[in-house]
Amino acid sequence: MDEPTMLHRLAAEFIGTFWLVLGGCGSAVFAAKFAAGDGTQLGIGFLGVSLAFGLTVLTGVYAFGTISGGHFNPAVTLGAALAKRVEWKAVVPYWITQVIGGLVAGLVIYIVAKGQDGWSATGNMAANGYGAHSPGGYSLAAVLIAEVVLTGIFLLVILGSTDDRAPKGFAGLSIGLTLTLIHLISIPISNTSVNPARSTGVAFFNGDGAPAQLWAFWLAPLVGAAIAGVAYPYLFGRKEELAERPVRDDALEARR
């Protein structure tokens, strides 16, 4: 079986990022707060939204990981490139595709949500923010620190879970559960980004200051990912050249 072409890989990244934003942000927009006719709260809340983000990545990694590496996130792609898990020439195409996938998902959420009488996108598209736009009113400094640290940990888990020495077949599970935990920690802080494509996908539909604050949700995740991508080989004693393989997996190993 032939190895995936760049077109195949970009298609996987588009669908995976679309699914992540649709599933995660969609759950926040449609299901986080929902009341029955008698006023009973049926919404999924922070826990449900956290699980939704984790499940989208878990399913996406298992579905598309052997095609593209299952990044669905510009920060993951940067960290993977620095750790020599993906070739540098793939970084910009991946980034562009991931952002487009996020924007298309944001558009779908917007169109569906507009079907409810009286709904307004302003401030209601699960955008990330700091200061007055942080769910808990956290400062810019607090948000930047949280996003750098949590993205860095996320990348270390991804790189460790996909290491040749890691148990095979469990990467999607550990990555999805880690993203769930990250959201449980940081939804009150920043509405959780750790993914510039996720932030971009809804910011412009949301308005209400989100586009002006978008820079923070590119800068902090990329910094955190870069630190982890550089540090991983030194922390854990292995440098690997994987420019020819977008993801480490038994199926790809068999083709070599």
Side-chain angles (χ1 to χ4, degrees), residues 1-25 53 56-108 128 147 151-152 154-155 158-159 161-162 171-172 175 179 193-205 211 214-215 217-230 232-233 240-249 251-253 255-256:
M1 185 175 179
D2 294 335
E3 291 190 9
T5 66
M6 181 57 73
L7 182 60
H8 295 148
R9 292 165 64 183
L10 295 181
E13 285 298 304
F14 174 86
I15 296 170
T17 310
F18 173 87
W19 178 227
L20 185 152
V21 176
L22 181 66
C25 294
F53 273 102
T56 59
V57 169
L58 186 155
T59 54
V61 167
Y62 281 124
F64 307 116
T66 55
I67 306 300
S68 69
H71 298 182
F72 320 140
N73 180 340
V76 172
T77 301
L78 177 63
L82 287 167
K84 300 179 181 178
R85 301 290 186 87
V86 68
E87 69 273 33
W88 278 102
K89 68 180 181 181
V91 172
V92 172
Y94 268 42
W95 280 17
I96 293 171
T97 302
Q98 290 157 356
V99 169
I100 293 172
L103 287 168
V104 173
L107 177 61
V108 171
N128 303 115
E147 290 285 333
T151 309
F154 190 38
L155 261 294
I158 291 171
L159 294 172
S161 299
T162 56
I175 293 166
L179 190 60
S193 174
V194 301
N195 184 341
R198 170 261 189 268
S199 300
T200 305
V202 297
F204 296 99
F205 297 102
L214 190 56
W215 66 271
F217 301 102
W218 274 87
L219 176 64
L222 291 178
V223 169
I227 293 170
V230 171
Y232 184 87
E240 296 173 328
E241 299 285 350
L242 296 174
E244 299 303 319
R245 290 183 288 168
V247 63
R248 183 180 293 96
D249 184 89
L252 289 183
E253 292 289 346
R255 298 172 192 162
R256 292 177 62 78

Set of residues satisfying side-chain contact (heavy atoms from CB on, under 4.5 Å) with respect to Val91, sequence neighbours excluded =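 So Val91 forms a side-chain contact (heavy atoms from CB on, under 4.5 Å) with Thr77, Ala81, Trp88, Trp95.
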Distance in Å, [X] [atom1] paired with [Y] [atom2], rounded so as to fall on 0.5 Å steps:
X	Y	atom1	atom2	answer
Leu58	Leu20	CG	CG	11.5 Å
Leu214	Ser193	CG	OG	8.0 Å
Asn195	Asn128	CG	CG	9.0 Å
Thr97	Leu10	OG1	CG	4.0 Å
Thr151	Asn73	OG1	CG	7.5 Å
Glu3	His8	CD	NE2	12.0 Å

Please tell me if the side chains of [X] and [Y] come closer than 4.5 Å, counting only heavy atoms from C-beta onward.
X	Y	result
Tyr232	Lys84	no
His71	Thr17	no
Ser68	Tyr94	yes
Thr200	Phe217	no
Val108	Phe18	yes
Phe154	Val76	yes
Thr56	Phe72	no
Val194	Leu179	yes

For Arg9 and Glu87, what are the C-alpha separation, side-chain angles and deciding distance, and is it a salt bridge (charged side-chain N to carboxylate O under 4.0 Å, His left out)?
-> CA-CA 13 Å; Arg9 292 165 64 183; Glu87 69 273 33; 2.8 Å; yes
For the residue pair Ser199 and Trp218, confirm or rule out a side-chain donor-acceptor distance under 3.5 Å.
->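 No.
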I need the minimum non-hydrogen distance between [X] and [Y], along with the two atoms involved.
X	Y	result
Ala90	Pro93	O-CD, 3.4 Å
Ala220	Glu147	CB-CB, 3.5 Å
Ala12	Phe64	CB-CB, 3.9 Å
Ala228	Leu159	O-CD1, 4.0 Å

